[in-house]
Student: 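Here you go, one structure.
Because only heavy atoms are used, hydrogens play no part in the values below, and waters and symmetry mates are left out as well, while side chains stay in.
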Amino acid sequence: MRAPGRSTDSGANIRATLHKYREEEREVESEEEKTRLRFAESVHTPETHRLVDMEDEEEKRMTAKVPGDGEAAVERLMEVVEEIATISDYRNAYKKQFGNLSRRVKLLAPMFEELKESRELIPDDAVRGLVQLREALDAARELLRFGSGGSKICLVLESDKMTKWFQEVTAQLEQALDAILFDKLDISDEVREQVELVHTQFKRAKERVDMPDAELYGDISFLYDKASDSFVDPEILSRLAAKLQLSTISDLTQESLALLEMVAASGDPEQSIEKMSMLLKKIKDYVQTQNPEMGTPSNPKSLFSDGKHQVPLIPDDFRCPISLELMRDPVIVATGQTYERACIKKWIDAGHDTCPKTQQKLPNTTLTPNFVLRSLIAQWCEANGMDPPKCPSKPSKPSSACSPAERANIDALICKLSSPNIDDQRSAAGDIRLLAKRNADNRICIAEAGAIPVLVNLLSTTDLRTQEHAVTALLNLSIYEDNKGIIISSGAVPGIVHVLRSGSMEARENAAATFFSLSVVDENKITIGASGAIPALVSLLNEGSQRGKKDAATALFNLCIYQGNKGRAVRAGVVPTLMLLLTEPAGLMVDEALAILAILSSHAECKAAIGALQAVPVLVEVIRSGSPRNKENAAAILLHLCTGEQQQQHLAEAQECSVMGALLELASSGTDRGKRKAMQLLYRMTRFIEQQSQAQAQVQAQAQSDQSSTTVSD
């Protein structure tokens, strides 16, 4: 820890920085939601629930050769590269650049595979290089995701920003590869040569700027500026459709959704979405006019004067604002806007909680059929000699693909679960555990056969192996969304708490993972929190294996999103445990500890508990030298401490730790959220310092006045 000392930053420097970044502040999502998204992204997601079978431990003994930090770093590097390998379809103006970046990153995979198979320890200084590389690959993954799913039109219009983004990611990767200590890594010469070649390619790419198609940029810019004009040169539209590869209904609908997402994220819907939607509409009308089988253009006469392919003009009110197509199944969202059911469902399923057209937050995701509009559309179609659009039939509940023989096998296993013979119970529970691991069809079939209530009964068995199989089977079954409700309604929560308290270590780990899976549903957070699960999770976080601590942390984080569970967690002693994890020399749980503290620190009891443990120096050190996400979480926690009852004390402690320099750096180079937190802290620190100066000046003035009075008296 740095020695305490006063900041030497001048008030003018601080005020200038405050002025510069105050202009960038925007209305922010709730603190808990922001933290939740970041934590889920970096630690755990519902899709990555661990599927455990009986061979797991043996497999671990055979493959776990890289211990500690090295093992975690290699595993995360492999995960990032595997995810990047799944990203594709860079069909836009930067296809070449995205393809080159993806190809170079994938060439690093053999190095990570050899490190995983190696029996040699990875020295700490080499691990630091791998961690730096992982952060660079994370940045590359975000850029590639953006290139795969982003709007092609926006990508061209924002060419300057995209070029800068490519340069930053390329430079970050080049610097990370330059920091790799090859001599301390157990890799073959061939792999080393390949990685060094990739390093050289990134070094060259860093010095070269690849500009997008100038003609494409000119055409899009021209149309964007002329979005309201009724006539557009067909040659321009032809070039755009070809170069942007917007030639099918699927392409055009995907682009429409991507446009909405990007404009919504930019916070400027009023000025952008109208013009971009009109631009896309013109391209769509042109493509449909050239290919009448695709569908009906909005107004072919506005494009061509020869009257070719004459079709009736579809009223704008009958079009879905997302797909621009005639609606077949119009539904109303909570803001009163109407959309095609499939389009708005896709928008909501992608994680959006706003209305695409108005950008208002949706208080709920209920979709109400618009029968009046559907009737008007049908009448319009009949009046214009068109077939009325058929409303798609509602999808039936997914049915199991199990064959009769497989179903009979599951029924037989359930009978054995109810057997008085403990060996039969253990064997059947293990088999169901494995079946539930394999695929979604098995999870559906097992639940339909009535296995869940029987498995719940086995949670209280005295046979630890049977108990472990039962709780792990429930974990695997819970991955299928509909099964979560069945598990809760079957009264599983008290039994899972029992396993969490007294089961084997593996059973406790999987009980915690089950609570994480179930708590994805908001109502379940309340049920689980009231069951006594939180103290048991805190115990596992304190005394469990490394994997158990991770599972306990993810479950606690999810549960504490519900306000009522925060006090329970604090009273269960989670704050001292988190502070211990935060200051561990190995630092294996720093990310998780900070994320949980950030979500708890808005609670008064938690704020007092953190302050009582002398947390300010630790938080300042993280702000000074932590990872970008850890810096922003530490700043968020410190900000909460500096707005509470003990704010003067905490501000003084932060000043003694020379926090001002670290905050100035975070305000200039941190994440968006980190910058906002740093600016708010700088504002409070500046006021505190000014108040101190004023108080000191008053004391000095009073002392001089008293001295003068004494002299006169003499």
Student: Heavy atoms only: give me the nearest L362-A334 pair and the separation to one decimal.
Tutor: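 Heavy-atom minimum between the residues: CD2-N, 4.1 Å.
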
Student: Taking the side chain as every heavy atom from C-beta outward, state whether D591 and R629 have any pair of such atoms under 4.5 Å apart.
Tutor: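 With C-beta onward as the side chain, the pair stays apart.
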
Student: With a 4.5 Å cut-off on side-chain heavy atoms, are Q337 and Q360 touching?
Tutor: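 Heavy-atom side-chain distance check fails, nothing below 4.5 Å.
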
Student: For R134, check salt bridge (charged side-chain N to carboxylate O under 4.0 Å, His left out) against everything at least two apart and list the hits.
Tutor: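 With neighbours one apart ignored, the set is D138.
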
Student: Heavy-atom distance under 4.5 Å between the side chains of L682 and M660, does that happen here?
Tutor: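 Yes, at least one pair of side-chain atoms sits under 4.5 Å.
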
Student: So do the side chains of E653 and H650 get within less than 4.5 Å of each other, counting heavy atoms only?
Tutor: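 Yes, side chains in contact.
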
Student: So do L177 and L108 actually touch side chain to side chain, heavy atoms under 4.5 Å?
Tutor: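 SC-SC contact between L108 and L177 confirmed.
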
Student: Check this for me: does any side-chain nitrogen of one of R145 and E142 sit under 4.0 Å from a carboxylate oxygen of the other?
Tutor: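 Looking at E142 together with R145, the answer is yes, because their closest N to O distance falls below 4.0 Å.
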
Student: Say whether, by atom type as modelled, one donor and one acceptor occur between the side chain of S517 and the main chain of A513 under 3.5 angstrom.
Tutor: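 Answer holds: no.
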
Student: Ignoring hydrogens, what is the shortest heavy-atom contact between A139 and V169? Give both atom names and the distance.
Tutor: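 Shortest heavy-atom contact: O-CG2, 4.0 Å.
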
Student: Output yes when a side-chain donor or acceptor of S625 lies under 3.5 Å from a complementary backbone atom of V622, and no otherwise.
Tutor: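 Not at all, since once roles are kept as given, no pair shorter than 3.5 Å links the two residues.
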
Student: Salt bridge check: are E621 and R624 linked by an N-O gap of less than 4.0 Å?
Tutor: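 Answer for the salt bridge query: yes.
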
Student: Spell out, as yes or no, whether a donor-acceptor pair under 3.5 Å connects the side chain of S102 to the backbone of F98.
Tutor: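 Looks like no, no N/O pair under 3.5 Å.
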
Student: How far apart are the closest heavy atoms of A555 and F515, and which atoms are they?
Tutor: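 Looks like CB-CB, 4.4 Å.
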
Student: Salt bridge check, D522 against K525: does any charged N sit closer than 4.0 Å to a carboxylate O?
Tutor: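 Salt bridge flag = yes for D522 with K525.
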
Student: Any salt bridge between E632 and K677, counting N to O under 4.0 Å?
Tutor: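 No.
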
Student: Determine the sole option in L638, T643, L663, L639 for which the side-chain contact (heavy atoms from CB on, under 4.5 Å) test with Q680 is passed.
Tutor: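 Answer after filtering L638, T643, L663, L639: L639.
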
Student: I need the minimum non-hydrogen distance between A179 and Q132, along with the two atoms involved.
Tutor: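 Smallest interatomic distance, heavy atoms only, reads CB-OE1, 3.6 Å.
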
Student: Taking all atoms of both residues into account, what is the closest heavy-atom pair of L559 and S519, and its distance?
Tutor: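 Nearest pair, atom of L559 first, then S519: CD2-CB, 3.9 Å.
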
Student: Show the atom names and distances, to 0.1 Å, of all donor-acceptor pairs under 3.5 Å that link a side chain in residues 573-585 to residues at least two apart or in another chain.
Tutor:
residue	atom	partner	partner atom	Å
T577	OG1	G573	O	3.4
T583	OG1	M579	O	3.0
T583	OG1	L580	O	3.2

Student: How long is the span from the OG atom in S693 to the CD atom in Q691, to the nearest 0.5 Å?
Tutor: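 Output value for this atom pair is 10.0 Å.
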
Student: Keeping the roles fixed (side chain from W347, backbone from C355), state whether a donor-acceptor pair exists under 3.5 Å.
Tutor: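 Side chain of W347 to backbone of C355: no pair is present.
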
Student: Among residues two or more places apart or on two chains, list those pairs meeting ring pair (Phe, Tyr, Trp, His ring centres under 6.0 Å) that have a residue in residues 565-619.
Tutor: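 Found none.
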
Student: On a heavy-atom basis, which atom in P628 and which in T671 lie closest, and how many Å separate them?
Tutor: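 Of all heavy-atom pairs spanning P628 and T671, the closest is CB-CG2, 4.0 Å.
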
Student: Is there a side-chain contact between Q647 and F688, using heavy atoms and a 4.5 Å cut-off?
Tutor: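 They are not in side-chain contact.
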
